[in-house]
> 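Okay, here's the structure, questions in a sec.
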Number of protein chains: 2
Amino acid sequence: MIDGTGKTDPSLRIRIVFGDDAMLGPGKADLLERIRDTGSISAAGRSMAMSYKRAWLLVEEMNAAFQAPLVESARGGAKGGGAYLTETGEAVLSHYRKLETIVAQAGAAQIEGLLSLRSDVSSRK
Amino acid sequence: MIDGTGKTDPSLRIRIVFGDDAMLGPGKADLLERIRDTGSISAAGRSMAMSYKRAWLLVEEMNAAFQAPLVESARGGAKGGGAYLTETGEAVLSHYRKLETIVAQAGAAQIEGLLSLRSDVSSRK
DNA sequence: AAAGGATATGTTCAGTCAAACATATCGCAA
DNA sequence: TTGCGATATGTTTGACTGAACATATCCTTT
């Protein structure tokens with residue numbers, strides 16, 4: 001647990017792999033969500049202990065992976081600039097979150113079956 | 001795509017994360033399956049372009065992550081040695097594969113929703 | 001007893017990837 | 001017109017990872 005968010009990492013992580021190297025996983029989804037909440041790429045990055053450079057890079061990747069950019073940003077202005085999710089960005093985030101919940105529910109039995117075979121039972125939440 | 005198996009990489013990859021650093025994903029599941037099929041860690045590794053060292057390391061991790069080892073092995077003998085899946089190993093592999101299919105089906109709609117927003121439509125299968 | 005094939009491990013080396021550091025630009029507000 | 005805060009990128013450094021290389025051990029077969 002590196003980040004100070006106290007967020008309990010889900011036992012099941014899903015990643016959608018597109019064609020060649022583009023993919024969408026928990027990291028980018030979280031970043032997307034935080035950009036929506038903070039209105040800033042750098043603030044979003046800070047909130048998850050991620051450098052602006054890296055956050056911006058991930059945004060660039062995501063924007064390139066879809067037909068329309070997920071995040072649009074502006075420089076300068078009153079507060080220096082900012083960023084927000086486009087319609088496409090909102091849709092992608094929404095789909096991913098819904099996929100997470102659906103998948104977690106549908107796979108609950110198998111996951112439980114795997115966890116019951118695990119060691120270190122004391123650390124189970 | 002590095003391996004010569006011609007296996008189509010699934011668009012949805014799932015990974016179960018246990019407590020601290022132990023986790024189970026597509027790589028270890030494949031390795032497990034190939035060990036079961038070949039009866040050998042080294043043969044399994046070779047079949048997926050993985051060094052014996054690495055394959056053995058992954059096996060060790062898996063064995064440590066569960067209450068009972070998933071793979072048992074023997075040195076020497078007629079064919080030099082070999083390895084096979086234990087009951088626990090079979091169970092883990094079975095659970096993981098079933099989880100994959102269940103999850104793929106349950107999430108189909110959301111995945112389709114995401115893919116429809118993707119660029120590079122020509123590469124869709 | 002010598003060979004062979006696979007398990008079992010240690011060590012070294014190179015490539016990759018993220019962190020860190022460094023600027024540059026933008027546009028409003030004071 | 002100067003400052004601020006955020007976007008936008010380039011460069012360098014360091015850590016981690018896997019590849020490659022090197023042995024050692026085991027036990028059946030010949």
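Throughout, a chain's letter reflects where its sequence line sits, starting with A, and its residues are numbered from 1.
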> How do A/Leu57 and B/Gly82 order along DNA chain C: which one's closest nucleotide is nearer the 5' end?
B/Gly82
> Between A/Arg46 and A/Thr38, is there a side-chain heavy-atom distance shorter than 4.5 Å?
no
> For A/Glu90, which of A/Leu85, A/Leu32, A/Leu70 qualifies under side chain to side chain contact (heavy atoms under 4.5 Å, CB included)?
A/Leu85
> For residues 84-93 of chain A, which residues have at least one heavy atom under 4.0 Å from DNA chain C?
none
> Pick base, sugar-phosphate or nothing for A/Ala43, based on heavy-atom distances below 4.0 Å to the nucleic acid.
nothing
> Which nucleotide span of DNA chain D, 5' end to 3' end, has atoms closer than 4.0 Å to non-hydrogen atoms of chain A?
D/dG5 to D/dT11
> With no hydrogens and no angle check, is any side-chain donor or acceptor of A/Arg118 less than 3.5 Å from a backbone partner on B/Ala65?
yes
> Indicate, with yes or no, if B/Ile102 and B/Leu93 share a hydrophobic cluster defined by side-chain heavy-atom contacts under 4.5 Å among Ile, Leu, Val, Met, Phe, Trp and Tyr.
no
> For A/His95 and B/Gln110, work out which heavy atoms get closest and say how close.
CD2-OE1, 2.8 Å
> Between A/Arg75 and A/Ala78, who's closer to the 5' end of DNA chain D by nearest nucleotide?
A/Ala78
> Atom CD1 of B/Ile16 and atom CD1 of A/Ile14: how far apart are they, to the nearest 0.5 Å?
12.0 Å
> Could you tell me the separation between the OH atom of A/Tyr52 and the P atom of C/dA24, rounded to a whole number of Å?
17 Å
> Heavy atoms only: give me the nearest A/Ala44-A/Leu31 pair and the separation to one decimal.
CB-CD1, 4.1 Å
> Give the minimum heavy-atom separation between B/Gly113 and B/Ser116, together with the two atoms involved.
O-OG, 2.7 Å
> Between A/Gly39 and B/Gly77, who's closer to the 5' end of DNA chain D by nearest nucleotide?
A/Gly39
> Reckon A/Gly80 touches a base, only the sugar-phosphate, or nothing at all at heavy-atom distances under 4.0 Å?
base
> Is any side-chain N or O of B/Lys53 under 3.5 Å from a base N or O of C/dG10, one able to act as donor and the other as acceptor?
yes
> Starting at atom CG of B/Leu31, determine the distance to atom P of C/dT7, rounded to an integer number of angstrom.
11 Å
> Is a side-chain donor or acceptor of B/Tyr96 paired with a backbone partner of B/Asp30 at a separation under 3.5 angstrom?
no
